[in-house]
Amino acid sequence: MDFSFTEEQQMIRDTAEAFLTEISSSNAIRNAMATEQGYEDEVWQRICGEMYWQALHIPEEYGGLGLGYVELVVMLEQMGRYLLCSPFFSTVCLGANALIIAGTDEQKQKYLSQICEGSLTATLAYTGNNGQWDASAIQATVASQNNDYVLNGTYLYVPDGHTADLLIVAVRNEGSIGEHGISLFAIPANTPGVKRTWLPTMDQTRKQAEIILDNVTLSEESLMAELGNAWPQLNKVIQLATIATAAEQTGGSQQTLDLTVAYSKERVQFGRPVAGFQAVKHQAADMMLRTEVARSAVYYAACVAEEAINGGPLAGELAEAASVAKSYCSDGYFKNAGDAIQLHGGVGFTWEYDVHLYFKRAKSSELFLGNAAFHREQVAKMLLD
Amino acid sequence: MKLSFSQEDENFRAEVACWLTENLVGEFEQLKFRGGPGDEHMFPKERKKWEQKLAQGGWSCVGWPKEHGGRGCSIEQQVIFNEEYARAGAPGHVGHIGEGLAGPTIIAFGNKAQQQKYLPGIAAGTELWCQGYSEPGAGSDLANVRTKAHFDEEKGKWIINGQKVWTSLAHESDFIFVIARTDPKSTAHKGLGFFLMKMDQPGIEVRGIEQLTGTSEFNEVFFDEAECDADDIVGEPGEGWAVAMGLLGFERGVSTLGQQMQFQNELNQIIAIAKENGSNKDPVIRQRIADAHVGLKIMRYNSMRMLSSDGGSNKETLIYKLLWSTWHRDLGELAMDVLGPEAEILMSAPYDLTRLQSMYLFVRSDTIYGGTNEIQRNIIAERGLGMPKEPKISIK
Ligand SMILES: Cc1cc2nc3c(=O)[nH]c(=O)nc-3n(C[C@H](O)[C@H](O)[C@H](O)COP(=O)(O)OP(=O)(O)OC[C@H]3O[C@@H](n4cnc5c(N)ncnc54)[C@H](O)[C@@H]3O)c2cc1C
């Protein structure tokens with residue numbers, strides 16, 4: 001047993017940190033978030049071309065680096081910390097994961113290698129308009145017609161849905177309920193019948209979209225996994241993405257703490273830095289506790305995720321580890337971000353200081369893939385029913 | 001990062017589990033799940049006997065080096081031992097202060113003679129220790145101890161005068177370690193000594209203090225011309241603070257995983273009650289039980305991080321006391337809320353508490369002893385975040 005980073009993992013973290021401080025400055029974030037696209041092409045190209053981050057955990061046979069989920073989580077933590085505006089999360093943690101878990105060989109060959117080249121972005125669409133994040137969220141439908149499939153329905157809250165090149169969509173057989181009758185398809189965004197609309201969001205650092213499928217007609221080659229039986233795979237993809245989100249939240253928690261401590265050491269009132277007041281110290285201590293606890297949850301979940309993808313004794317813990325991490329990190333990040341505003345005083349309430357960016361991301365990431373209460377209920381089902 | 005244990009360690013796990021199944025029987029059966037926090041006053045004699053049994057089997061002080069009478073287990077094996085010990089429901093160690101605090105301190109800071117004199121009794125489970133730190137005027141502000149020590153040339157002994165308070169298990173103990181002022185003119189953490197003393201002597205008087213549980217696990221200890229052999233000061237006179245602080249470092253560590261297993265046993269009990277009385281259908285209770293489970297899981301992961309790092313000043317270690325004490329306090333409340341009105345009903349008059357009532361009341365001390373939550377937050381802010389130290393204000 002060794003629950004600490006290898007040297008390579010530490011290097012990945014340090015490199016990520018150094019690069020992100022360069023490309024994801026406050027100015028860069030603000031420029032990117034003001035656009036509908038939500039990121040600068042040049043930054044994304046540098047990430048793909050220079051850093052090769054998008055290929056990190058994709059298997060080598062598809063052109064990736066073949067590293068593990070722990071390495072990915074290490075990077076995501078830093079991306080959350082520096083609020084990187086990019087299609088990384090949607091492309092890698094949703095799109096690539098869906099392809100790895102549920103794609104056919106041809107789909108993997110075709111799309112994963114394009115993702116590795118940096119020429120393809122992707123995302124996952126599964127949530128309809130009922131505000132749910134489990135299988136009941138899937139409302140779009142599929143019907144067979146001759147040898148084709150016809151897809152219809154509306155998705156909401158799809159990360160980068162308006163810009164992604166490839167859409168992984170979840171649909172259900174008409175009349176099916178719950179986890180039954182679910183299928184996954186991989187469709188290029190420019191397929192006829194696909195209509196995409198940007199949904200402006202309070203958290204501007206991560207873009208969302210509505211996607212409407214209007215009689216989108218697909219052949220067999222777009223089908224992923226087994227027709228009508230893809231929930232187990234989709235569920236796994238969602239759980240992996242849940243852990244990825246918790247990793248970003250951990251980074252965000254850390255940054256709200258760091259910004260707060262730095263500011264409180266500078267800001268002088270009553271003749272001394274406000275950091276010397278015990279009320280301030282104790283809130284900061286609680287913020288550090290929440291950050292460290294989040295980190296413990298996320299690193300463990302990362303190890304579980306790794307084994308869930310590549311095999312290992314912990315694979316069966318995926319659902320639990322994801323819900324443990326997401327419930328803790330969601331509440332922890334939001335609390336930290338709120339405390340950060342409070343401890344900054346008036347400047348924390350300005351658009352100029354970055355604290356509000358974290359406060360807003362904390363809420364959007366809390367809601368995304370189910371908030372803390374949702375995940376606690378998942379745990380409760382395991383324990384109590 | 002690698003979370004699984006090696007095959008060798010898994011074999012070790014089987015060995016521990018097997019030994020416990022074979023030996024935690026007969027007269028020891030009644031000790032199962034007893035003697036933990038909140039229950040420490042129960043069966044002290046019988047638990048002492050059990051610890052001697054452990055020692056005979058080679059299962060006491062498993063983390064101590066072999067040359068000092070331990071088993072020399074690796075960190076992983078200590079984790080496993082503690083996990084299996086708690087899983088089997090083996091009783092709380094009545095000798096935990098000797099095994100976890102006094103022993104490691106004597107190993108780290110004591111001389112050969114002290115090691116030979118004291119370690120065997122701890123390892124054999126025959127001699128119990130208590131911790132004489134707190135005083136009426138020295139709680140959080142431990143460096144404010146007033147108990148005095150002077151060397152009597154004629155007797156060739158240290159003479160101790162003063163008072164300790166909140167001394168857990170003093171009434172069961174054979175020895176006490178004491179911090180006392182060797183330099184009467186000194187203040188704060190300068191001029192202290194660290195003494196190893198026999199309890200059974202005319203100069204020491206123990207008076208039990210009744211706790212809010214109605215039982216009494218801690219005591220006042222009075223020193224009136226109490227004697228301590230010249231050889232029984234650890235380190236030099238005046239250097240006691242360094243020893244005392246070194247000791248506090250041993251309070252963390254692998255025993256936390258065993259403690260978590262006890263927490264798990266408590267949570268399991270609460271879950272079983274919830275399923276039985278239907279509160280498992282209450283959405284608020286469901287959230288709180290899930291939250292407790294989440295908290296306990298992460299506590300375990302956090303400990304694994306602590307054990308894999310080099311300890312001490314790491315952030316995950318700094319927050320640990322605050323984390324578990326607060327979690328456990330919340331668990332007490334959860335237990336009562338799951339029980340509902342039944343929570344109030346005693347086992348019997350005059351004040352015989354159920355296990356969960358006892359837990360619920362005792363957890364209020366978890367956030368006090370071993371550094372209160374407020375002190376923990378000061379330490380985290382100052383050492384973990386580099387925020388300014390508390391200002392010193394002297395009141396005349
Ligand atoms: C069940 C139990 C068992 C114990 N066993 C032992 C034992 O075996 N041996 C032993 O030596 N001691 C033992 N103790 C004593 C324990 O270590 C002390 O109670 C503890 O350190 C707190 O000291 P105090 O009680 O004097 O509280 P005080 O220090 O008087 O604290 C009162 C309140 O003031 C707060 N406070 C104090 N200083 C500060 C500060 N600087 N900043 C912010 N807030 C502050 C505290 O957090 C607390 O809320 C035990 C205590 C209990 C409850």
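Residue numbers begin at 1 in each chain, while the letters A, B, ... track the order of the sequences. Just so you know, these numbers use all the heavy atoms, side chains as well, and skip hydrogens, waters and symmetry mates.
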Select, from B:Gly386, B:Pro283, B:Pro391, the one with the greatest count of heavy-atom pairs under 4.5 Å involving chain A.
B:Gly386
Taking every non-hydrogen pair under 4.5 Å, which of B:Lys275, B:His293, B:Glu76 racks up the most with chain A?
B:His293
For the [atom1] atom of [X] and the [atom2] atom of [Y], what is their distance to the nearest 0.5 Å?
| X | Y | atom1 | atom2 | value |
| --- | --- | --- | --- | --- |
| B:Arg305 | A:Asp2 | CZ | CG | 12.5 Å |
| B:Asn302 | A:Phe3 | CG | CZ | 8.5 Å |
| B:Met306 | A:Ser4 | CE | OG | 14.0 Å |

Suppose a student defines contact as a heavy atom less than 4.5 Å from any heavy atom of chain B. Which residues in residues 377-385 of chain A would they list?
A:Glu377, A:Val379, A:Ala380, A:Lys381, A:Leu383, A:Leu384, A:Asp385
Chain B neighbours within residues 276-299 of chain A, where any heavy atom lies under 4.5 Å away
A:Gly276, A:Gln278, A:Val280, A:Lys281, A:His282, A:Ala284, A:Ala285, A:Asp286, A:Met288, A:Leu289, A:Glu292, A:Val293, A:Arg295, A:Ser296, A:Ala297, A:Tyr299
Side chains of A:Arg272 and B:Pro388: closer than 4.5 Å at any heavy-atom pair?
no
Can you say whether B:Asn378 sits under 4.5 Å from chain A via the side chain, the backbone, both, or neither, judging by heavy atoms?
both
How about [atom1] on [X], more than 12 heavy atoms from neighbouring residues, nucleotides or ligands closer than 6.0 Å, or not?
| X | atom1 | result |
| --- | --- | --- |
| A:Gln342 | CD | no |
| B:Glu8 | CD | no |
| A:Tyr82 | OH | yes |

Residue, of A:Cys303, A:Ser327, A:Ser323, that accumulates the most heavy atom pairs under 4.5 Å with chain B:
A:Cys303
Determine the option with the most heavy-atom pairs under 4.5 angstrom with chain B, choosing from A:Val324, A:Asp331, A:Asp258.
A:Val324
Residue part contacting chain B, namely of A:Gln9, when any heavy atom lies under 4.5 Å:
side chain
